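The structure displayed is predicted, hence computed values, not measured ones. Naming: A, B, ... by sequence-line order, numbering from 1 per chain.
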Amino acid sequence: MHDRFISKLIAKKTGSYLRLSLVLFLLSLLLLVSSFIFMMYQYRQVQKDFVDNSNTHLIEITSSYDVADPTRYIPLSYSDVTNVKALLTEHFPDRAQSFVVYTINFGIKAENDAVYFIRGTDAFSLKKLGLPDLIDNQALSAAGTEAKRIVLNIPVVQIEDGGYRSSETAAYPLTLIPYTSNLLMLEDLKKHKDTLYVNETTFQKIFEIALQMPWDEVVERYDRGEDVASQLVNKIFVYVDQLSDVKRVASLLEDHGYDLRYTLGAFDDLSRSINAQYWFMGVLLLLIYIITTINVVMSFRGYLRSMQKDMGILLHYGYTHQRVYRIYRHVIVHPFVVLFLILGLYTFVVSILFLSDTFFIDAPLAIVFLFLLIGIVMFMVLRILRRITEQDILYLLKASKEME
Amino acid sequence: MIILDKATKTIGGRTILDRVDFTFEAHGRYVIYGPSGIGKTTLLNLIAGYDTLSGGCIVVQEGAQIQYLFQESLLFSNLSVEENMRIKWLSRKQAEDDGNTFQNRIRAALATFFSHVDGILSQKIYTLSGGERRRVELAQVVLSTPDILLLDEPTANLDPENKIHMIRMIGEAFPKTTHIIVSHDDHSFFEGYRHLKLREGTLVDA
């Protein structure tokens, strides 16, 4: 308590140059913290728009081609589904997964006279891409804004002499769930209001009704190249967990004769320029920090050296070296605490404004960053203080003459 | 009692004190003379423990409280007399700071050297004359009730009348204290003091 009182008396002697240095330090920290928060804001945006965007993780396999003759287009077959799965399991186990979008080529008329085109996808894609959890006999539809019930009249198809004939229909009720998405996989849902997405089980049921044969037989015939009234495997998608793997997965698939479409390539340059920007800003801010740190540390060093005689007087009065250190530590720590409080409040307010979505993660991070910036400088100044207060009394009393 | 036993001090190859043997008796009063640069202040620094010996030893009575006044003023010039007194007072490990105790003690200490204590308390040190500063320092020493008092040129820059006055005040303020004073002043100012001379690194009677 006595030491704090003495610290207050001694703090009266703080020079205007030191105060100016502290103000400059405050301003540069304001700049650094603002830039840090802005970078965090930008990082979160990029995460949202780019890294966490499912489209960037998706590779669409549209068809395959003969590796010996790349101009020969081959439609996707069910064996491609197995082949792609095997490739991914071998080269990217647990890092990339494939799923299929099935399609029926012809439209199916409903009782309300509208014609719908059915797509089917499996449970994995629904879960991984954050789509609504479709139960059996439900369908995603971009038309309308409210769930509604329809009844499909599924034509019972007979394939004869390369043509199709249908003389009867089977009623099949479906509940339409309104849904729109920017997902690459669902682009036809967005473009064509008559497209419906159902889960794999529902799709199989519809197909079994239409062709009057079990699903396994449909798949078998399809892969033998027989006409099953549809290009059953419309598209195969590959979901890659890490963006850094996307290009490698794509190369692997291309090497095995698959035509691909994926969006990461378009983002690649953006990613590079964002990274370059981060580096540039990071280096610039680091330089600002180093320069202002040197300035404020040198100012404190000058201040402490000018205080050598006073430290010597305290020792002369009977204070121990440790007490002299404590007294001047109070003098030094106080302005840093004030700086931290001012900047902490500023960080808090700016974080609320710019990082509201991730406030509870980013604001503490920014405060810790600030604490480190101030802490490093304070640590350096306290080290200088320790070195000075450990000098013997005669040195402190006499060496100070050079400062006078 | 302070015993110098072959006390030797060498600085940069130059011998300042050369195996000095001497005993300062308890409650004794000593003035050390000698030309500038002969090592008088070094001797006081060594006795005060501010400097280390190159050889020999100095034995000071166990538990003895030493107070040392430098030739130059060692006060916080931007602070008031009262604040300086308080800082000195709080240097004691068990310093009471309940207001009354402190106020009574500093008033009593200052009253030893100043006729108007109230007028001096709030004055900043930089407004005081050299003699007044010296008296404030002596008042600080009174707070510590020393057994041994080391004074380096306590009467420097004072006129003869004030020199006599200052030496008398010191004698009255510290009656049971061992005084060791370094001075260039005439012997006649220091009545009742043993006069010593530092010559060629040894301490002899003047």
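Side chain of B:S129 to main chain of B:E132: a donor-acceptor pair is present (N/O by atom type, distance under 3.5 Å, no hydrogens or angles).
For A:F38 and A:F354, the gap between ring centers reaches or exceeds 6.0 Å.
Salt bridge absent: B:E83 and B:R86 never bring a charged side-chain N and a carboxylate O closer than 4.0 Å.
A:L9 touches chain B through backbone and side chain together, each having a heavy atom under 4.5 Å away. In this structure, the portion of B:S73 lying under 4.5 Å from any heavy atom of chain A is its backbone and not its side chain. With a 4.5 Å cut-off on non-hydrogen atoms, B:Q67 does not touch chain A at all. Proximity to chain A (any heavy atom under 4.5 Å) is shown, for B:L74, by both the backbone and the side chain.
For the residue pair A:Y346/A:S34, the side-chain donor-acceptor check at 3.5 Å is satisfied. Between the side chains of A:Q308 and A:Q391, not a single donor N or O lies within less than 3.5 Å of an accepting N or O. No side-chain donor from either of A:H321 and A:E390 sits under 3.5 Å from a side-chain acceptor of the other.
Using cut-offs of 30° and 60° on the angle between ring planes, the pair A:F300 and A:Y303 is perpendicular.
Of the candidates A:Q322, A:H316, A:R323, A:R323 is the only one forming a side chain to side chain contact (heavy atoms under 4.5 Å, CB included) with A:Y319.
Using non-hydrogen atoms only and a strict 4.5 Å limit, the part of residues 19-58 of chain B facing chain A consists of B:N45, B:Y50, B:D51.
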